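Model, not experiment: these values are computed from the prediction.
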Amino acid sequence: MLKAKILFVGPCESGKTVLANFLTESSDITEYSPTQGVRFESCWPALMKDAHGVVIVFNADIPSHRKEMEMWYSCFVQQPSLQDTQCMLIAHHKPGSGDDKGSLSLSPPLNKLKLVHSNLEDDPEEIRMEFIKYLKSIINSMSESRDREEMSIMT
């Protein structure tokens, strides 16, 4: 069985934990509680080690989050030399904030990444299905890589 290490990264209060808990069908979190353990950049190299994919989550309603996206992409996708197909952007809309999908434009290189809007209040299954598609692509890539490695050993 293949195991994939997928990182959920992004600005504070963007919805990373809520989304991760929802996607893994963990318990619901009713109030905000910051995830303290990963707030320090000195931890990032250890977190990135052996990562197969990165999900960058941001609150689409906060302009400063959009400005931070290039930094998250640079640190967690470009520097460890992951492919763009290993990255997924989630524009998370908190309950009651609306779901304004049309007004979000991202600058290069972010505009070529898979972007999914998330609103767990209005359409929770859409984000689950998009994440499953993303996860399947990661697993397929891992499987192909493993097969290539096994073939190179045998030849």
Side-chain angles (χ1 to χ4, degrees), residues 1-26 29 32-94 97 100-120 126-153:
M1 180 169 85
L2 289 176
K3 291 184 179 182
K5 180 177 177 181
I6 308 292
L7 304 178
F8 276 65
V9 301
C12 297
E13 296 187 49
S14 58
K16 298 177 295 290
T17 302
V18 170
L19 280 168
N21 285 340
F22 171 76
L23 293 169
T24 60
E25 299 177 351
S26 297
I29 293 179
Y32 176 70
S33 176
T35 310
Q36 293 296 330
V38 294
R39 297 262 184 246
F40 306 105
E41 287 185 43
S42 60
C43 298
W44 292 358
L47 290 172
M48 290 185 285
K49 184 176 177 1
D50 300 325
H52 300 101
V54 176
V55 176
I56 302 174
V57 181
F58 64 103
N59 184 327
D61 304 314
I62 301 176
S64 64
H65 280 199
R66 293 185 205 176
K67 292 176 184 170
E68 287 184 50
M69 299 310 297
E70 287 185 35
M71 183 275 299
W72 291 104
Y73 176 76
S74 174
C75 290
F76 285 90
V77 179
Q78 287 180 319
Q79 286 179 15
S81 298
L82 293 179
Q83 300 297 314
D84 285 345
T85 56
Q86 293 172 275
C87 182
M88 177 182 195
L89 294 179
I90 298 181
H92 185 61
H93 301 269
K94 294 190 176 186
S97 68
D100 188 10
K101 295 181 182 180
S103 68
L104 187 61
S105 62
L106 299 171
S107 61
L110 301 174
N111 62 355
K112 61 185 176 184
L113 300 175
K114 171 76 174 170
L115 172 64
V116 177
H117 288 264
S118 164
N119 187 327
L120 298 180
E126 180 181 358
I127 187 64
R128 188 184 312 276
M129 296 310 297
E130 289 292 340
F131 183 74
I132 288 170
K133 282 194 266 184
Y134 166 73
L135 194 53
K136 282 180 180 178
S137 74
I138 295 292
I139 297 296
N140 286 340
S141 176
M142 291 170 58
S143 179
E144 289 170 5
S145 177
R146 184 183 67 182
D147 290 348
R148 280 192 304 273
E149 187 176 313
E150 288 175 358
M151 288 304 290
S152 71
I153 292 171

(request) Using a 4.5 Å cut-off on heavy atoms from C-beta on, say whether the side chain of Leu19 contacts that of Ser118. (result) yes
(request) Measure from NZ or CZ of Arg128 to the centre of the six-membered ring of Phe22, then state whether that distance is under 6.0 Å and the direction lies within 45° of the axis. (result) yes
(request) Of all the heavy-atom pairs spanning Cys75 and Pro80, show the shortest one and how long it is. (result) O-CD, 3.4 Å
(request) Could you pull out the closest heavy-atom pair between Leu82 and Phe76, with the gap in Å? (result) CD1-O, 3.5 Å
Please check this pair: side chain of [X] against backbone of [Y], looking for a donor-acceptor N/O pair closer than 3.5 Å.
X     : Y     : value
Lys5  : Lys49 : yes
Lys16 : Gly10 : yes
His65 : Cys12 : yes

(request) Report the C-alpha distance between Asp147 and Met151 in whole Å, list the side-chain angles of each, state the deciding distance to 0.1 Å, and finish with yes or no for side-chain contact (heavy atoms from CB on, under 4.5 Å). (result) CA-CA 6 Å; Asp147 290 348; Met151 288 304 290; 5.5 Å; no
(request) Report the relative orientation of the aromatic rings in His117 and His93; use parallel for angles under 30°, tilted for 30 to 60°, perpendicular for over 60°. (result) parallel
(message) Can you tell whether the side chains of Lys133 and Glu130 come within less than 4.0 Å, N to carboxylate O?
(response)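 Salt bridge present between Lys133 and Glu130.
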(message) Between Ser14 and His92, is there a side-chain donor-acceptor contact under 3.5 Å, judged purely by atom types and distance?
(response) no
(request) Go through the structure and list residues passing side chain to side chain donor-acceptor pair (under 3.5 Å) with Gln79, not counting sequence neighbours. (result) none
